[in-house]
Every structure is written in structure tokens, then in C-alpha cells.
Amino acid sequence: MQNIEMAWIFTELADLLEIKGEDVYKIRAYRRAAEVLANLEVPVKELSRQRLLSKVPGVGKAIEAKIEEILQTGQLSKHQELLKEIPRGVLTIKELPGIGPSRARKLYQELGVKSLDELELAAKERKIRDLKGFSAKLEWDILNGIDMVRNRQGRTRLSVARELAAEFISFIKLLPGVKQVDMTGSTRRWKETVGDLDLLAAAEEPAYPLDALATHPRVKEVIERQSNRIRVYTWWGLSVDLQVVPPEEYIPTLHRNTGCKEHYAKLQEIAQDKGLTLNHHGLTKGCGEEVLALQNENDIYHALGMSYIPPELRENRGEVEAALKDDLPNLIEVSDIKGDLHIHTTWSDSALELSEVANYCRNKGYAYAAITDHSRSLKIANGLEVSRLLEQHQIIREMNKEFEDFTLLTGVEMDILPNGDLDYPDELLEQMDVVIGSVHTAFKQSKKEITQRIMKAMENEHVDIIAHLTGRILGRRESYAVDVEALIETAAKTGTILEINSSPDRLDINEDYARLARDMGVKISINTDAHDTRRLDEIIYGVAVARRAWLEPHDVVNTYDLEELREVLR
DNA sequence: GCCGTTTTCGGCCCGACTGTTTTCAGTCG
């Protein structure tokens, strides 16, 4: 039993109790325990063995007993009982926008609705609008919400796919006879969401790796099996395809499977023009008699007379033409990042202490990191009143005296209020190193209102960066209505930096807008918006968006040295 | 359900928006 699976049981328990209308604090306690368990470095089993469970914050007598029960029996009786009472489908319904625990319960109790399909039918038959607490509009919202959730169901966030991929790869790599293994497809291209996970291995004898994957603990069931490939379904809800090829076909197959299709087709055409054939056997001359030796993918591109194209660019968006002219961008790398400009601490709603941020970022090799807690109007996140903000900045300045090679920057993530006013006066903003403006309220304003609201913030000379510009949460919340093109134009005029938020469920702005911003001369900042240490490492996903947007280091302000950065922020 | 302590129980992130029940429950960030 892994910590994450244990955490998942407690999360679902909390969800079920919420639908039953149990005490909100009890529910919050389970959620908190789940969060803590998921982030523990040590296996829960080990803590139990050493009788240290009660030392874990958020774990008291009751939860400790439940953990022990799960460790011994593999499940939790209270959880199982609740599942008999409330079908899992009701939990899915609770995820719809506008539907919370109370309405989900009502739909189940009064209409017997326990799946999205049944809910859709009930909505189409107009049975929902007459329930107390519902309306015709909500019925309509439900149908839209179902569409959104269905679209999401086919897609998995990149971070989940890559973490699973890493685990499977390190597992398969150790199997006897396996020479090489890697991910391919959209996961390798770092697309923001993926349909399934494609893996490729090189081995003379395919049966062994295929058997091993079929029995891996993360695998729920085998969907399909052929002599050299297997398709399995994981507990994470993501399908995984593993193909095994002979070692000599590994590189050409890796290249072909990475795609995208249009990119590969274009390369095949170019090969043909040169009297070559490109397919999963490799590159061949004439009628297939002479096979060119390929050490890596680089050799394929060179043989076709072009420079190497990294997986992130293989989307048929002009990369082939650019590579033929040796005119590809000098893409930004994770190692170019010199600091993170959007981090929260315990002063507002994060688990990170100021000193933790400093230590972790220094160890990452950063030269600087900006502390940007929430501003005063965001009460739920414990936003900082002016006096606390000033106090925090004083402490940061004191801390900086201790560092030689590192600087904590003072800052704030300041709410842009519904009327476009800022949450703090100019006199305060001008004292800070980094001022981020962002929208956390009144998402339902009209496109014109939100656009003008953000424009107004951009026009304030003290606002340096706009964070998560569209407000989208992948698969959960559409972006608010906003004219992004117009805002990019404004940012170009005002010199405002736009954020690529690295959080895998945001990735906001997305690659298309990032590329447009670059084309219009707008600078970008790649930030994590981290609330705990683990999330400080999510910068890789923001960098991936930047790479897919063809960004170079000079497009991104947090690749700059501190002095250069200060110049831009001034 | 956890925590801290005042060691036995009260406090635990708050306030705005929505749609309509026109006074508030439900949802959201």
C-alpha cells in the first residue's frame, strides 16, 4: 500500500461524508490527513512499524486507527460501507460546476441519478429544473458541465502521465533482455494533456517485458495483447501502450511513434525527394537494400539535411521548414531558469516557511526567488494586511543579509479587484521588488469587463507581472471570458510581463498565447505558484510550455541575472 | 476529527455571488 493510495481512500471518504452532509470540520480533517500522507517522504507502513503515526500532523487517534486498519486489511470498512450507500458516480456529479455535495445528494435521493449518463437524461427530460434549489439555467449549466467532464475523461494531465511513465520506465529498464526503453507520443512531446501513455522498449524477446507490465501493481487490467505489444489500463485511469521491438528498430520506431503524424509525414516526403525511404525499419536507400546506420534520432534529421528537432517542436508548426534552413530557436532549458517569481508561504495560504523557500531554491541552484503571498482582500487565503506585508518584507531583508549567493525578493500576488482597482496603494507597491497582479474573484464578469479590468492593472506602472491570465483549470474550470489577444497587445505597450504558470492543472498562459506574446515582443516569466516544496519542482512543466511555444532564454525574464532582472522589474 | 490547552472542550480560512425560496442555502475561490 503506497502513501498516495492511502491518501486517496481518505480523500474519497471525505467526499462521501460531504455528500452525506457530515460535519465540515471532520471532513476537513480527513482531507488534511490525506494531503499530509500524500506528501510524506517515508512510507506509512514504516511509520506504523516505528509507532510514529501519531507524530504526523493531522493524524490523531481516530485516523491512526483507520490507517492501521488499511495497512492490515487493504481497505477501510467505513469507506466501504459508505460506498454501498452512495455510488461512486454521485462523486463525479459533485464535480460539475454549480453542483456541490448538497445538490449531488438531492439528485441522487430524489431522482435516483447516479451517473453522468443518467444525469444527462434527467436534464434533457427537464426533470431537474423543478427540484427545490435547482432552476432551468442550472439544468442547462449541468448539460454544459457534463460535456466538459466528458472531454476531460479522455485526457490526462501531462504530469500524471510523465510520473507514471518514469515509474514504468525504471521498472522495465531493469528487466533481463531489455536494452532500451522510453516514452513516445504526446507524453514525450510534453503536450499539456495526453490521451494515453505510449512506451517503447528494445528487446530480442518481447514476451518478458509484456508479461511484466501485465502484472505490474499499477495495472488494473489488460485490454489487449499481441505478440509484440500490450495495452493495459491503470488504476490512475490512464491507458498504457507498450511496444517491444528488436534493438535495430528501436531508434526509427521511437522517432516514428513520437510524432506527431503530420511532422513524420513531412519527413517521409523529404526522404522520398532524396531517394530515401523513412519508416520504422529506419532510413533505406533505393529499394530497401541499403540501410543507413542510426545511432540516435539526430542521425535521421541530419541524413535528411536538417538540424535536429526536439520532441516538443514536432507538431508541424513550421519546425521542419525552420530546421531545413538551420533556423530553429535556441530553446530555453530548465537549467536556464535562475529563479522562481511566484511563491506562497505560511504568511498566507501555503505550507512553506520563508526559510524553507530560501533553502530549497538555493539547493535548486537558483540565484533568487520572489515571495508573493496573497493580498488583503483574498480573505480565504489569509491575504496580508498592509502591516503584515511590511513586516514580512522587513524579515526578508534581514534574511538576505545571511545569503551571499542568493536573494529573496519581496513581492505580492495582488488581487485585481472586480472594478479593476488594485488591492494596495501605489506607495506600497513601489517599495516591492515584484508585484504580480491576478484575478481570483468575479469570474463571471463579461468579456469586456474582465479584459478592461486586467488592462487597467497592466497600465499601473508598479504591476510587473500578470499571473495565470485566463484562470483556466484543466478539465475543471474553463477560462473566464477574456480577450487574451487584446491583453497581449496591451502588455506589449505597457511592458507588462505575462506568466506561464507551471502548475500542471493550469499551464496558463498556454503555448499558443505564449508564442503570440513572444511574437508581439512581450516578456514571459515562468513561475510555479508553489504552495509546498514538491510544487517548486513543477517548473519543468512551465518550461515545457515555453519550449513548445518556441521561446528562447532571452524571452523569459527569470533566466536573467539578478541585476538584469531588477532592471526589467524597475 | 484534530489541536491546544484554560486537560475538556471550543475553535477550526471568510465573504461574495447566484438564483430565486425576495431571505437564504448552496457554491465558489
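Order of the sequence lines fixes the chain letters, A, B, ..., with proteins taken first and strands second; residue numbering starts at 1 for each chain. Computed from a predicted model, the values in this text were never measured in an experiment.
A/V24 comes within 4.0 angstrom of nothing in the nucleic acid, heavy atoms only. A/R477 comes within 4.0 angstrom of the backbone, heavy atoms only, and of no base. Residue contacts for A/G98: at a heavy-atom cut-off of 4.0 Å it reaches the sugar-phosphate backbone alone, with no base atom in range. Using a 4.0 Å heavy-atom criterion, one finds that A/L138 contacts no nucleic acid atom at all.
Judged as a salt bridge (charged side-chain N to carboxylate O under 4.0 Å, His left out), and not counting sequence neighbours, the contacts of A/K137 are A/D141. Under the side chain to side chain donor-acceptor pair (under 3.5 Å) criterion, A/K45 pairs with no residue at all, not counting sequence neighbours. Partners of A/Y541 under the ring pair (Phe, Tyr, Trp, His ring centres under 6.0 Å) rule, at least two apart in sequence or in another chain, are A/W190. Applying the ring pair (Phe, Tyr, Trp, His ring centres under 6.0 Å) rule to A/H342 yields the partners A/H344; only residues at least two apart in sequence or on another chain are considered. When the side-chain contact (heavy atoms from CB on, under 4.5 Å) test is applied to A/W8, the partners found at least two apart in sequence or on another chain are A/E12, A/R88. Judged as a ring pair (Phe, Tyr, Trp, His ring centres under 6.0 Å), and not counting sequence neighbours, A/Y25 has no contacts.
Residues from residues 40-56 of chain A with heavy atoms under 4.0 angstrom of DNA chain B: there are none.
Take the nearest nucleotide of DNA chain B for A/F134 and for A/E95: the residue whose nucleotide is more 5' is A/F134. Taking for each of A/I99 and A/A442 the nucleotide of DNA chain B with the nearest heavy atom, the 5'-most of the two is the partner of A/A442.
Under the 3.5 Å distance criterion, the side-chain polar atoms of A/D340 are left unmatched by any main-chain donor or acceptor of A/A369.
Between B/dG11 and B/dT6, the two C1' atoms lie 13 Å apart (nearest whole Å).
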Begin from the C-alpha positions of A/D421 and A/N419 and carry the test side-chain hydrogen bond (donor to acceptor under 3.5 Å, both in side chains) through to its verdict. CA-CA 6 Å; A/D421 284 352; A/N419 64 4; 3.2 Å; yes
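On the nucleic acid side, DNA chain B has its first and last nucleotide under 4.0 Å of a heavy atom of chain A at B/dG1 to B/dG29, going 5' to 3'.
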N/O donor-acceptor pairs under 3.5 Å from side chains in residues 159-166 of chain A, not counting sequence neighbours:
{"from": "A/R162", "atom 1": "NH1", "to": "A/T187", "atom 2": "O", "distance (Å)": "2.7"}

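Nucleotide B/dG10: paired with B/dC3 (Watson-Crick or G-U wobble, both distances less than 3.5 Å).
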